[in-house]
Amino acid sequence: MVSPPTLRLRIPAVNSRPPPHAVVMRCRRSIAASVSPPGDANGSTGVPAAAPASRDPISLPRPLTTADLMEASGDGLKVAYQGCPGAYSEAAAKKAYPSCQTVPCEYFETAFQAVENWVADRAVLPLENSLGGSIHRNYDLLLRHRLHIVGDVRLAVRHCLLANRGVKIENLRSAMSHPQALAQCEQTLTKLGIEHREAVDDTAGAAKLIAEHKLQDTGAVASSLAAQLYGLDILAENIQDDTDNITRFMMLAREPIIPRTDKPFKTSIVFSLEEGPGQLFKALAVFALRKINLTKMESRPHKKKPLRLADDNCSAPLK
């Protein structure tokens, strides 16, 4: 039995400390928000009583909207991503914010910290892949950091087989890349006669390593951009076993967005349940009765309450 996970509702009005872990759900529904400028319960902003009547309405403060936090081009923004230059995450960051300055980070958590510490303005990190499934590490990091999802972007992953100049496919004995990339190209690599696999932290990092060490018997599974950046030849393109290889990336910011009423918005919720029969059913009924469609549901372990096991002796207490 898995002990109950924990609750967090990710909406702009909530800014509480995230609890350990939980059931993660995403739902889609149009959400209307009514927001007043900061002030007291009557909407006062600290301006003398007579001031509001004489102020130009255009000059009054307005709530932030999607347009404020999801700039069309990302001019002037620093966007953090995990990996070396040429990684698929960098391509996703450029797709989300075409004119941004990308900031490579060694680890996923480093990207979270870069935004929290104002080193970067946004982070673009993978959340799930159509072949490999969810990236659970980033689900867990969402609960540990005070960042907000302000959008998502989908990127079609097109793997290439890269090697140093002059190297032919028949010279290759090994392929190097991120474990998921290697798994997504397993059948194609085998057909090409490349039997050995070497896993590294990043696809672009594999290309960089092969270029720096001038390896002649090892190829990298990475993007065409990585080939261009590190001076490698593309020996084969689109080598993924499944052509429908899509990765969904989340766009993170320090501040939440305020949903508008002219388009549907996604909401991510994390919550825990009491132990007992039908608890999950009752929780899901809340959405069903309001005709809210759930698009994904995950269960994550509660770090402070591990699995409870019983001894072979059924009469023994759980431990």
Under the side chain to side chain donor-acceptor pair (under 3.5 Å) rule, collect the residues that match up with [X], sequence neighbours excluded.
X: E116; result: H145
X: T218; result: none
X: N138; result: none

Checking [X] now: which residues fulfil salt bridge (Lys or Arg N to Asp or Glu O under 4.0 Å) with it, not counting sequence neighbours?
X: D201; answer: none
X: R158; answer: none
X: R197; answer: E186

Check side-chain contact (heavy atoms from CB on, under 4.5 Å) between [X] and all other residues, then give those that pass, not counting sequence neighbours.
X: V200; result: M176, A206
X: E90; result: Y81, P85, T102, L225
X: S134; result: E128, H136, Y139, K296, E298

Could you check whether any side-chain heavy atom of [X] comes within less than 4.5 Å of a side-chain heavy atom of [Y], counting everything from C-beta outward?
X: I234; Y: L162; answer: yes
X: L294; Y: L284; answer: yes
X: F112; Y: L147; answer: yes

message: For residues 171-207, which residue pairs pass the ring-ring contact (aromatic ring centres under 6.0 Å, His included) check, not counting sequence neighbours?
response: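 Sorted pair list comes back empty.
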- request: Scan for ring-ring contact (aromatic ring centres under 6.0 Å, His included) pairs involving residues 152-177, sequence neighbours excluded, and state none if there are none.
  value: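 Qualifying pairs: Y88-H159.
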message: Who clusters with L161? Use side-chain heavy atoms, under 4.5 angstrom, across I, L, V, M, F, W and Y, and order the result by chain and number.
response: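 So far as hydrophobic clustering goes, L161 is joined with V167, I169, L172, L182, L189, L192, I194, V221, L235, I239.
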Derivation and outcome, side chain to side chain contact (heavy atoms under 4.5 Å, CB included), residues N171 and Q216: CA-CA 7 Å; N171 302 136; Q216 300 298 304; over 6 Å; no
task: First locate atom OG1 of T267, then atom CD1 of I292, and finally report the distance between them rounded to the nearest 0.5 Å.
output: 8.5 Å
